[in-house]
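Encoded as structure tokens, the structure appears first; notes follow it.
Everything quoted here is computed from the prediction, not taken from an experiment. These numbers come from the heavy atoms of this one structure, side chains and all, not from hydrogens, waters or symmetry mates. Every chain is numbered from 1 and lettered A, B, ... according to where its sequence line falls, protein lines coming before strand lines.
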There are 2 protein chains.
Amino acid sequence: MNEILPNISIDNAIFGFANGELKILLIKRDKQPELDRWSLPGGYVYYNENMDDASRRLLHELTGISNLFLSRVDVFGDTDRYPDRRVISVLYCALVKPEQFELLAGAHAKKVKWFEVKGIKKLPFDHNNMIDTALSWLRDEIWRKPVLINLLPEKFPLNQMHDLFQAFLHETIDNRNFRKKVISQELVERLNEKTTGGKQRPAYLYRLKRK
Amino acid sequence: MNEILPNISIDNAIFGFANGELKILLIKRDKQPELDRWSLPGGYVYYNENMDDASRRLLHELTGISNLFLSRVDVFGDTDRYPDRRVISVLYCALVKPEQFELLAGAHAKKVKWFEVKGIKKLPFDHNNMIDTALSWLRDEIWRKPVLINLLPEKFPLNQMHDLFQAFLHETIDNRNFRKKVISQELVERLNEKTTGGKQRPAYLYRLKRK
DNA sequence: CTACTTTGCGTACAAAGTACGTAAATAAAA
DNA sequence: TTTTATTTACGTACTTTGTACGCAAAGTAG
């Protein structure tokens, strides 16, 4: 049977990142409760569906985005977090390039739009809390896990990664020390290829190591 | 209404620790599925019950243990993790002194017993996976969070904490360096009291800082 | 008082992290 | 072709953190 589990939901905190601007992807709800309000793209899990799959499916259905590397962050289960009935929600998150995706409001979403994280007001349910939790999770894990995987191409020069770290953590990191660190921590591995068509000296390409 | 949510469960991984021996608390199930098999003490969440409360209640109902500091570790949600129907489970864990508690098999538990972690065979469901996850979570967090809170009295001398770290991580840690580390990392704070009745020089008492 | 034990501070060395100099490799300008 | 500008990539010195270990202080037992 492929019914929906009424007490288990998924929420996705998808952060869009470009030009040092951090955005969050919200949808305009097409049903009660909180009809017409902007909120995190989420929904219910099917009876026969694994959590990771549900997260991916919901994101695609609501926003048109697919093929992301999503990470599970935490569970939110307070009795009063959802007004209509008891629902516990598992939070997933990802960091992407907003310009890379064409947003398509699907079923149960009237609109989809990127919002600046800074300017976010009170969202429905515990979604503000979720955004905070996801963000601090990301900042914690950026040196340990391939959190930037959706922001980088398959192969990239280290400077591209360096720029991303600096922008996301909004701090300057010494280029030479940055290289030493990501290499010694085995976050990346060097390929036998170099950039071509660059303006100056070609750079070695690297690849994120998934651990 | 105080019904049970049929698709959300809690499991508790309670580790007992004494004399360098690591044990895990299991109950003998009194119902299907997996009737009569030893498994983690867990069960279903009430409609009006927060997750943390449910964890505490279930532990008390099944084993008689109460008043523990339990930490949420992760969610387990594979579609096939429970045979009868779809159930996702939130895992909590704690580290306690086994001799401190009198075990009382309550409702839905035929027996309660400590088992050596080393000798654990295949358990029902994904409980082996849960134990592994909880253990590595504990070893990760021991330097950051007051994971030993249930093993230590309210006030304790640093050497007691030192012994616990050594035993739990099974490695020797230099006493003098250990002190420096836990103090500089603000895991503990010194009180204006000293041990009395000790065999040698009195030691300052410390308290774990919850963060 | 002496011998012994535990506490707790201090110091020297090692490893990891940070600041920064500079040569190598290329494109563009002269 | 030579020079200049730019980016890559390696190396070195310093600073902070972590580890090994010495030893005096404060108590108990005899």
query = With a cut-off of 6.0 Å (strictly less than), are more than 12 heavy atoms of other residues, nucleotides or ligands near CG of B/N67?
reply =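 12 or below, so no.
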key: Residue B/K118 excluded, over 12 heavy atoms near NZ under 6.0 Å   = no
key: From D/dA9, C/dC9, D/dC10, nucleotide with atom closest to A/R190 side chain   =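 Closest nucleotide to the A/R190 side chain: D/dC10.
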request  = Please name the pair of heavy atoms, one in B/A109 and one in B/L62, separated by the smallest distance, quoted to 0.1 Å.
outcome  =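 The pair with the smallest heavy-atom distance is CB-O, 3.7 Å.
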query = Which ones in residues 172-187 of chain A lie close to DNA chain D, meaning a heavy atom under 4.0 Å from one of its atoms?
reply =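 Within this stretch, A/R176, A/R179, A/K180 sit under 4.0 Å of the strand.
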task = Using the ring-ring contact (aromatic ring centres under 6.0 Å, His included) rule, collect all pairs that involve residues 87-110 of chain B, keeping only residues at least two apart or in two chains.
result =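 Qualifying pairs, neighbours excluded: none.
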ask   = Between B/F165 (CZ) and D/dG18 (P), how many Å, whole number?
value =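 Between P of D/dG18 and CZ of B/F165: 14 Å.
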ask   = Just how far, in rounded Å, is C1' of C/dG17 from CH2 of A/W143?
value = 11 Å
Report all interatomic pairs (protein N or O, nucleotide N or O of nucleotides 27-30 of chain D) with separations under 3.5 Å.
residue : atom : partner : partner atom : Å
D/dT28  : O4'  : B/K199  : O            : 2.5

ask   = Excluding sequence neighbours, so at least two apart, what forms side chain to side chain donor-acceptor pair (under 3.5 Å) with B/E189?
value =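 Counting only residues at least two positions away or on another chain, B/E189 forms a side chain to side chain donor-acceptor pair (under 3.5 Å) with B/R207.
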query = Is the closest side-chain donor-acceptor distance between B/N12 and B/S55 under 3.5 Å?
reply =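 A donor-acceptor contact under 3.5 Å links the two side chains.
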By salt bridge (Lys or Arg N to Asp or Glu O under 4.0 Å) - contacts of A/D52 (at least two apart) =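 Residues passing salt bridge (Lys or Arg N to Asp or Glu O under 4.0 Å) with A/D52: A/R72.
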message = Can you list everything that forms a salt bridge (Lys or Arg N to Asp or Glu O under 4.0 Å) with B/R190? Sequence neighbours excluded, please.
response =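 Residues passing salt bridge (Lys or Arg N to Asp or Glu O under 4.0 Å) with B/R190: none at all.
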